[in-house]
Amino acid sequence: MRRIRAAVTGAVTLSLALTACGGGADDGGQAKKTLTYWASNQGSSLEVDKKVLQPELDEFERRTGIKVKLEVVPWSDLLNRILTATTSGQGPDVLNIGNTWSASLQATGALLPWDAKNFDAIGGKDRFVDSALGSTGAPGQDPAAVPLYSMAYALYYNKQMFKDAGIAKPPTTWDEVVAAGKKLSKDGKSGIGVEGSNLSNNIHQVFVLGKQHGADFFTADGKPDFTSDGAVAAVKQYVDLMATHKIVAPGNAEYAQNQSLSDFAKDRTGMVLWQTPSQTFASQGMTEDEWGVVPAPVASGKPGTGTAVNSMVAGINMAVFKNTDNLDGALKFVKFMTSDEEQTVLNKTYGSVPPVKDAQKDPAFSGPSLAVIRDTLASSAAALPQVPEESQFETVVGTAVKELFADAAAGRPVTTESVKAKLDKAQQQMPKK
């Protein structure tokens, strides 16, 4: 195993991609030798990602003779950039996507289907763990992408703040989260942080709470079901952390750029639910012995399946645009990025878990923090609905939750009726089947 060629000081927030259809010169009739690549902002800055990825791309060029042009795309811009590419026909050769978008982007017809032949070209489908493959496209269809990075939510807690508040052990249920949060919320500090204006994060949290209330937000035949009793209860429970329990600072209603992680690292907040934030904590000057991690909370008992789900299957997938004029080079690049060696290098750097089985065996992924993530993915995480309308779901329901947090921050009441009204409005905005 070669050593990591670059260091990173940022956090993973989700997704890689490649741009501009089929770059490169023909070179006398030979296969084109250039691919273009959008990498989303995985680290603490765009520059950090360039420092992490460029040495890996140079290694790929050294091995194959294929040059990869790199552009790092902010996460907030990535979905719109991809959607524009799918409609214009001027898409990338290869792209990575948030795994929750797989079915939505699959429905555009712009992505290469990963049939048996294409999987064989990168070493086979059975190299990947089942939970990661479950978020690669609609059931019954060839996947639209292959897994690259795997993540799950866990509860991170500030050890010193817990000690100062007299909290003997980290919470494992939501009642314990609220009780600990009330002890922590004093002297200008808060119990737990949220990202109230981050639509995707809102969806991740209420989807899991929906599972715990027996709701899926979509019916078995893929129709929106946002106003079921379980869905309404899930959204209200999440917003009530601020509205009723007062363990979230009102300012969190405006957070959308990882400010809750900064608050946590600077001893302003005692807990945060997040995916693999260790690199961000380090970049904020927080050492590993200052924070602890436990599985994300459930209503009662231990995490598992059904109503004991405690995370969505988070992660980043890698796809190929169907109209690339360098399919051979694109497949070679995906094979390189999902190889055991590269999976270990990149996931170790970004603090995520490899979705490739053999790469998970590296000792780097057996530490306490990543062990929680790995175990959650194996036993108590569920994939977001793999339906074509998933991206619209994130937008309209994520916005409804954002508006409810704004109400809570302003002191306006958040009731079951007001939650249901917001969700009903969101459901009316979904495409009609």
request  = For F321 and L111, run side-chain contact (heavy atoms from CB on, under 4.5 Å): C-alpha distance rounded to whole Å, both residues' side-chain angles, the deciding distance at 0.1 Å, then the answer.
outcome  = CA-CA 5 Å; F321 257 74; L111 302 184; 4.1 Å; yes
Gap separating the [atom1] atom of [X] from the [atom2] atom of [Y], nearest 0.5 angstrom:
X	Y	atom1	atom2	answer
T269	Y156	OG1	OH	16.0 Å
T100	L105	OG1	CG	9.0 Å
F207	F393	CZ	CZ	7.5 Å
L79	T395	CG	OG1	7.0 Å

For residues [X] and [Y], determine if any side-chain heavy atom of one lies less than 4.5 Å from a side-chain heavy atom of the other.
X	Y	answer
V356	N347	no
M286	F264	yes
L70	K50	yes
S260	V194	no
F217	D225	no
M242	V414	no

request  = Could you please spell out the steps behind the ring-ring contact (aromatic ring centres under 6.0 Å, His included) verdict for Y149 and Y350?
outcome  = CA-CA 9 Å; Y149 306 139; Y350 281 127; 5.6 Å; yes
request  = Under the salt bridge (charged side-chain N to carboxylate O under 4.0 Å, His left out) rule, what do D328 and K332 come out as? Steps first, then yes or no, please.
outcome  = CA-CA 6 Å; D328 180 66; K332 286 179 179 178; 3.3 Å; yes
Considering only NZ, NE, NH1 and NH2 on the basic side and carboxylate oxygens on the acidic side, decide whether [X] and [Y] come within less than 4.0 Å.
X	Y	answer
E342	R63	no
K236	D240	yes
R127	D340	yes
K361	D358	yes

key: Greater than 12 external heavy atoms within 6.0 Å of D229's CG   =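 No.
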query = Which is it for D263 and Q259 under the side chain to side chain donor-acceptor pair (under 3.5 Å) test, yes or no, and what are the steps along the way?
reply = CA-CA 6 Å; D263 285 352; Q259 295 99 319; over 6 Å; no
task = Please test T344 against D362 for side chain to side chain donor-acceptor pair (under 3.5 Å), starting from the C-alpha separation and ending with a verdict.
result = CA-CA 7 Å; T344 302; D362 189 280; 4.5 Å; no
Passing option when S380 is tested against N310, D375, T305 for side chain to side chain donor-acceptor pair (under 3.5 Å) =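 The side chain to side chain donor-acceptor pair (under 3.5 Å) with S380 is passed solely by N310 among N310, D375, T305.
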